[in-house]
Amino acid sequence: MSNGSTGGIRYQFSNTGEKIYYGLVQTSLGNQDLGWESTDAYNIGIESAWLKNRLFADVDFYVSKTHDQIFKRTIPIMTGFSSITTSMGQVNNTGIEVTLRSLNISRPDLSWMTTLTFWKNKNKLVKLYGEDLDGDGKEDDDIANSLFIGKSLGAIYGYKQIGIVQEDDVEYMKLTGATPGTPKYADLDGVPGISGDDRTILGYGKENFRLSMGNTLQYKNFELYVLVSGVFGGNNHYLKSNPRAFLTSGTGMYKDNMQYKPYWTPENPSNVYPSAQFAGDGRFLGLQSRAFVRIQDLSLSYTFDAPWVKSANINMLKVFLAAKNLATFTDWDGFDPETGIRFRDGADKLPLASSYSLGLNISF
């Protein structure tokens, strides 16, 4: 890495036949303070067996401190650039991974094993740029990049919606100029009306924890394997803005919503979906949870052990039927909650595909 390096593209902008003139368009802004990341990490692991080796527990715990973490920082466009590569002061991470393996049934013709895995990671921004521009004696947050000292990365900052403006919200409409059927926001600064000082951290894009459970059931020559995994929110985690799940205004991308979204009307005073006339106000985020549970893998196999198998010099013969991403259970209004793809995000944004396969394993 070269500190403070910039990027550019060379263009040939004139050719008189005798001399070629070249120009240079700068594509990135250099940063003399950019450096290398460094991380101090500590790990502790414990393995144990219980109930005469019928239950196994593995626990891994880690703590890390990353200094000068590199990221893209949004800057005022008046500089000629929208972002710059820079470093933040310090990010602390703590995490735990717990795996439980159990032998539930162990008989000559029947066995059942379960593996349960739990992951959780928590990060905290400890230091940022070391700036105190407001002179309050505390390091400044970077609101434009949603970076807040003492909080997790991936913070979602904005206006807290507390419902939909109803016809009897006379005082609120008088102070804000809102109309019935539009989103209603919390007044947090104590000053009548809604202003930039009413913004707050609404949640985080990062998940709360992950969980997966795999089961293997064997009966004679049959084997069934099922893996169910999930990513969970809770505590206002794993959220993302998804206004298309709520808006019905216009005839473009939202027109289909009018067929199945119970949008606000005087006769149907919804407190979730705005009126069909509301097309956005610069504050509405339409946050939704991306939490989900997915049947990730399923396979059923049969192993042949008849005498003719060995007489044909076959060591192993197995036929199987397998499926991946069989079903996803979520409240996310879009394609894939794990990637956060929303409806109509683009022609190249497709739902998570389910796949099915029928196969044969032979070894000689």
Side-chain angles (χ1 to χ4, degrees), residues 43-62 95-121 207-234 238 289-332 335-339 350-364:
N43 298 271
I44 298 175
I46 300 174
E47 297 181 359
S48 60
W50 306 78
L51 304 176
K52 297 181 179 180
N53 292 330
R54 296 290 294 268
L55 178 65
F56 301 87
D58 303 332
V59 180
D60 292 292
F61 179 78
Y62 67 87
I96 187 171
E97 178 178 335
V98 180
T99 300
L100 299 176
R101 292 171 288 124
S102 63
L103 181 59
N104 308 313
I105 298 176
S106 179
R107 298 175 183 172
D109 288 336
L110 178 66
S111 67
W112 173 26
M113 294 177 289
T114 299
T115 300
L116 182 68
T117 305
F118 169 86
W119 300 269
K120 184 175 177 64
N121 171 273
E207 78 278 2
N208 191 3
F209 64 91
R210 294 174 178 261
L211 191 67
S212 71
M213 182 175 66
N215 282 279
T216 302
L217 181 65
Q218 289 182 319
Y219 176 68
K220 295 185 177 179
N221 293 24
F222 287 96
E223 180 177 294
L224 175 66
Y225 174 72
V226 181
L227 175 63
V228 178
S229 63
V231 181
F232 299 87
Y238 216 43
S289 172
R290 291 164 51 202
F292 68 91
V293 173
R294 174 177 292 148
I295 302 177
Q296 185 170 319
D297 293 294
L298 186 148
S299 65
L300 177 64
S301 64
Y302 181 84
T303 302
F304 294 90
D305 61 355
W308 62 267
V309 175
K310 290 189 176 180
S311 64
N313 294 321
I314 298 175
N315 290 330
M316 191 272 291
L317 176 61
K318 178 188 292 186
V319 61
F320 66 89
L321 176 66
K324 293 185 69 68
N325 305 319
L326 194 60
T328 301
F329 306 93
T330 181
D331 290 330
W332 173 253
F335 286 143
D336 183 9
E338 188 166 20
T339 59
L350 300 176
L352 181 67
S354 298
S355 62
Y356 305 87
S357 59
L358 178 64
L360 185 68
N361 287 337
I362 305 177
S363 63
F364 297 94

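- With sequence neighbours excluded, the residues forming a ring-ring contact (aromatic ring centres under 6.0 Å, His included) with Tyr302 are Phe222, Phe304, listed by chain and number.
- Enclosure of atom CH2 in Trp119 by more than 12 non-hydrogen atoms of other residues, nucleotides or ligands within 6.0 angstrom is indicated.
- A 4.5 Å side-chain heavy-atom check between Val231 and Phe292 finds at least one atom pair inside the cut-off.
- Considering OH of Tyr219 and CG of Asp109, their distance stands at 6.5 Å, rounded to 0.5 Å.
- Under the rule for a salt bridge (Lys or Arg N to Asp or Glu O under 4.0 Å), the partners of Asp58 that lie at least two apart in sequence or sit in another chain are Arg101.
- Listed by chain and number, the residues in a ring-ring contact (aromatic ring centres under 6.0 Å, His included) with Phe232 are Phe209 (sequence neighbours excluded).
- A side-chain contact (heavy atoms from CB on, under 4.5 Å) with Val228 is found for one member of Val293, Asn215, Leu326 and no other, namely Val293.
- Residues Asn221 and Thr303 bring no donor and acceptor atom of their side chains to less than 3.5 Å of each other.
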Mind listing the side-chain donor-acceptor pairs of residues 353-364 below 3.5 Å, one per line with the distance, residues two or more places apart or on another chain?
| from | atom 1 | to | atom 2 | distance (Å) |
| --- | --- | --- | --- | --- |
| Ser354 | OG | Asn325 | O | 2.5 |
| Ser363 | OG | Met316 | N | 3.3 |

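- For residues 294-320, the salt bridge (Lys or Arg N to Asp or Glu O under 4.0 Å) pairs, not counting sequence neighbours, are Arg294-Asp336, Arg294-Glu338, Asp297-Lys324.
- Atom OG1 in Thr99 sits 7.5 Å away from atom CG in Asp60 (nearest 0.5 Å).
- Residues Ile105 and Ser111 fail the side-chain proximity criterion, which asks for heavy atoms closer than 4.5 Å.
- Here Tyr225 contributes atom OH and Thr216 contributes atom OG1; the two are 6.0 Å apart, rounded to the nearest 0.5 Å.
- Contact of the Glu223 side chain with the Leu217 side chain is not registered, since no non-hydrogen atoms from C-beta on lie closer than 4.5 Å.
- Put simply, the side chain of Leu227 does not reach to within 4.5 Å of the side chain of Met213, judged on heavy atoms.
- Put simply, CD on Gln218 and CH2 on Trp112 are 14.0 Å apart, with the number rounded to the nearest 0.5 Å.
- Side chains of Ser229 and Gln296: a donor-acceptor N/O pair is present below 3.5 angstrom, by distance only.
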Exercise. Should Val226 and Leu224 be marked as a side-chain contact (heavy atoms from CB on, under 4.5 Å) after you check the CA-CA gap, both sets of side-chain angles, and the distance that decides it?
Worked result: CA-CA 7 Å; Val226 181; Leu224 175 66; 4.2 Å; yes
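- Residues Ile96 and Val98 are in side-chain contact: their nearest non-hydrogen atoms beyond the backbone lie under 4.5 Å apart.
- Under the rule for a side chain to side chain contact (heavy atoms under 4.5 Å, CB included), the partners of Trp50 that lie at least two apart in sequence or sit in another chain are Ser48, Leu55, Ala57.
- Atom OG1 of Thr114 sits about 9.0 Å away from atom CG of Leu103, to the nearest 0.5 Å.
- Without hydrogens or angle criteria, Arg210 side chain to Lys120 main chain gives no donor-acceptor distance under 3.5 Å.
- Atom CZ in Phe56 sits 10.5 Å away from atom OG1 in Thr115 (nearest 0.5 Å).
- Here the side chains of Ser289 and Asp331 are not in contact, with every heavy-atom distance at 4.5 Å or above.
- Of the possible polar contacts, none joining the Ser102 side chain to the Asn104 backbone as a donor-acceptor pair under 3.5 Å is found.
- Counting heavy atoms from C-beta outward, Phe320 and Ser299 have side chains that stay 4.5 Å or more apart.
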